[in-house]
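Heads up, the thing below is written out as structure tokens.
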2 protein chains.
Amino acid sequence: MASPTPTPARQRRRGHDPESVLATAVGVFNERGYDGTSMEDLARALGMTKSAIYYHVPGKEQLLARALDRALDGLFELMADDGAAKGTGIERLEWVVRQSVRILVDRLPYVTLLLRVRGNSPTELAALERRREFDRFIGRLVTEAAVEGSIRPDVDPALVTRLLFGAVTSISDWYQPARGASADDLADALLKMTFGGLRV
Amino acid sequence: MASPTPTPARQRRRGHDPESVLATAVGVFNERGYDGTSMEDLARALGMTKSAIYYHVPGKEQLLARALDRALDGLFELMADDGAAKGTGIERLEWVVRQSVRILVDRLPYVTLLLRVRGNSPTELAALERRREFDRFIGRLVTEAAVEGSIRPDVDPALVTRLLFGAVTSISDWYQPARGASADDLADALLKMTFGGLRV
DNA sequence: GTCTACTGACCGAATGTTCGGTAAACACAA
DNA sequence: TTGTGTTTACCGAACATTCGGTCAGTAGAC
């Protein structure tokens with residue numbers, strides 16, 4: 001605690017650590033897909049040999065597990081937040097959409113990876129189950145907004161849930177932070193389109 | 001033309017053919033991901049041995065190429081259709097959204113596969129390039145609708161393009177035909193939400 | 001000398017693909 | 001009806017390569 005080094009994560013010796021290996025790995029996973037990425041690919045991207053990776057992390061699947069947890073932890077914190085419980089149904093829905101966009105942007109590579117998981121291993125299945133819990137949470141919010149009469153009655157709440165969050169999750173497919181749009185810019189555009197409507 | 005056999009595609013002998021192998025393969029590709037699917041997996045799903053697959057199709061990558069073409073051909077036919085050229089900008093945009101949903105639903109497994117392509121091989125890169133051409137076509141439509149003043153001026157047309165078609169493409173992630181919703185049901189809900197707005 | 005952060009050689013398993021072979025179905029002549 | 005030759009649709013084994021992962025050794029900072 002009273003350590004003289006203010007940055008305990010970074011060792012004195014230059015080189016890699018579990019965190020930087022994870023960050024690079026997630027980048028490559030998103031480029032090539034998890035199954036399409038070999039440890040050889042990772043080693044090349046990290047500038048080291050395959051075996052050196054195993055000094056920092058236990059293996060390929062743990063790399064995936066850590067990345068998925070990072071995305072899911074963000075979403076679960078959001079679910080537990082006060083903002084998701086205060087106000088009318090539609091206010092809470094709007095807040096959750098906005099925060100979901102923020103988490104997606106803040107943790108872009110991790111959430112991107114999560115959204116591509118198919119359930120090919122116990123690790124992926126566990127992540128999928130946690131993700132479905134979040135989806136059910138959204139579904140409940142939309143239903144409440146519909147029940148209170150805040151959203152148009154001529155659309156199925158279940159469809160709205162999927163389509164609305166389809167637009168949200170699509171962000172991970174095309175968003176490039178370098179182009180200048182912030183998380184709030186994205187959320188504003190998305191909410192204007194889906195809540196207010198495109199038509200003038 | 002004057003052939004005595006009315007069904008030239010189907011031979012007298014029962015068993016598999018390139019078409020049924022492709023259909024099954026695309027199903028497995030979508031379950032496990034292309035890279036996560038082995039020829040052994042395909043063989044199991046087809047009820048034959050790995051080597052028998054090669055009697056019907058040249059290889060794994062050609063299976064992918066054929067599937068991607070099937071999806072892209074649909075999208076390109078849509079671009080060339082009269083409906084995409086008649087009416088005001090926003091009318092054409094609405095028509096294209098509706099038809100895109102229809103193609104997505106009609107060719108669900110093929111389009112799903114296309115939407116997951118990452119560019120890991122020349123086959124995938126070629127498909128990605130064709131897909132980007134379709135995306136640019138949509139972008140032009142949205143811009144025209146914005147220029148003619150049919151959509152709200154306080155949102156960036158480029159963002160609208162991505163978000164609107166993000167909602168469309170998300171359909172492949174969650175749509176289950178067995179649940180009863182038709183392509184038109186989906187398009188109706190999507191257009192009500194994005195063009196009219198959810199808020200009452 | 002000790003610890004950290006690696007390298008290089010290597011392992012068994014799995015990968016996509018090819019090969020030689022074969023049983024059943026077929027077309028057709030005798 | 002039977003015999004002959006050909007095609008169809010497959011199997012089992014083997015191929016070279018790549019996979020994720022292990023381990024003994026070691027260069028350099030302390």
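Side-chain atoms are counted along with the backbone in the values below, which use heavy atoms only and exclude waters and symmetry mates. Proteins get letters first, then strands, A, B, ... in listed order; numbering begins at 1 in each.
Shown here are the side-chain hydrogen bond (donor to acceptor under 3.5 Å, both in side chains) partners of A/Asn30, two or more places apart in sequence or in another chain: there are none. With sequence neighbours excluded, the residues forming a side chain to side chain contact (heavy atoms under 4.5 Å, CB included) with A/Glu144 are A/Arg92, A/Arg140, listed by chain and number. In this view, B/Arg179 and B/Gln176 satisfy the side-chain hydrogen bond (donor to acceptor under 3.5 Å, both in side chains) rule, not counting sequence neighbours. Applying the side-chain hydrogen bond (donor to acceptor under 3.5 Å, both in side chains) test to B/Asp135 and every residue at least two apart in sequence or in another chain returns nothing. Residues that satisfy the side chain to side chain contact (heavy atoms under 4.5 Å, CB included) test with A/Glu129, not counting sequence neighbours, are A/Arg132, A/Arg136. Under the rule for a side-chain hydrogen bond (donor to acceptor under 3.5 Å, both in side chains), the partners of A/Thr123 that lie at least two apart in sequence or sit in another chain are A/Glu61.
For the contact set between residues 54-68 of chain A and DNA chain D, defined by any heavy atom under 4.0 Å, the members are A/Tyr54, A/Gly59, A/Lys60. Against DNA chain C, the stretch residues 26-41 of chain B makes heavy-atom approaches under 4.0 Å through B/Thr37, B/Ser38, B/Met39.
Contact record, B/Leu42 with B/Ala25: CD2-CA, 3.7 Å, taken as the closest heavy-atom pair.
Within the structure, the side chain to side chain donor-acceptor pair (under 3.5 Å) test picks out the following pairs touching residues 186-195 of chain B (sequence neighbours left out): B/Arg98-B/Asp188. Among residue pairs with one or both ends in residues 153-167 of chain A, those qualifying as side chain to side chain donor-acceptor pair (under 3.5 Å) are A/Arg152-A/Asp154; sequence neighbours excluded.
A side-chain contact (heavy atoms from CB on, under 4.5 Å) with A/Leu114 is found for exactly one of A/Leu64, A/Leu75, A/Leu104, namely A/Leu75.
Taking the screw axis at each terminus of the helix from C/dG1-D/dC30 to C/dA30-D/dT1 from five consecutive base pairs, the angle between the two is 0° to within rounding of 10 degrees.
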Detail all sub-3.5 Å separations between protein N/O atoms and N/O atoms belonging to nucleotides 13-15 of chain D.
none

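Taking atom CD1 on B/Ile53 and atom C1' on C/dT18, their separation rounds to 14 Å, with Å as the unit.
Salt bridge absent: B/Arg66 and B/Asp69 never bring a charged side-chain N and a carboxylate O closer than 4.0 Å. Between B/Arg116 and B/Asp173 there is a salt bridge, since a side-chain N of the basic residue sits under 4.0 Å from a carboxylate O of the acidic one.
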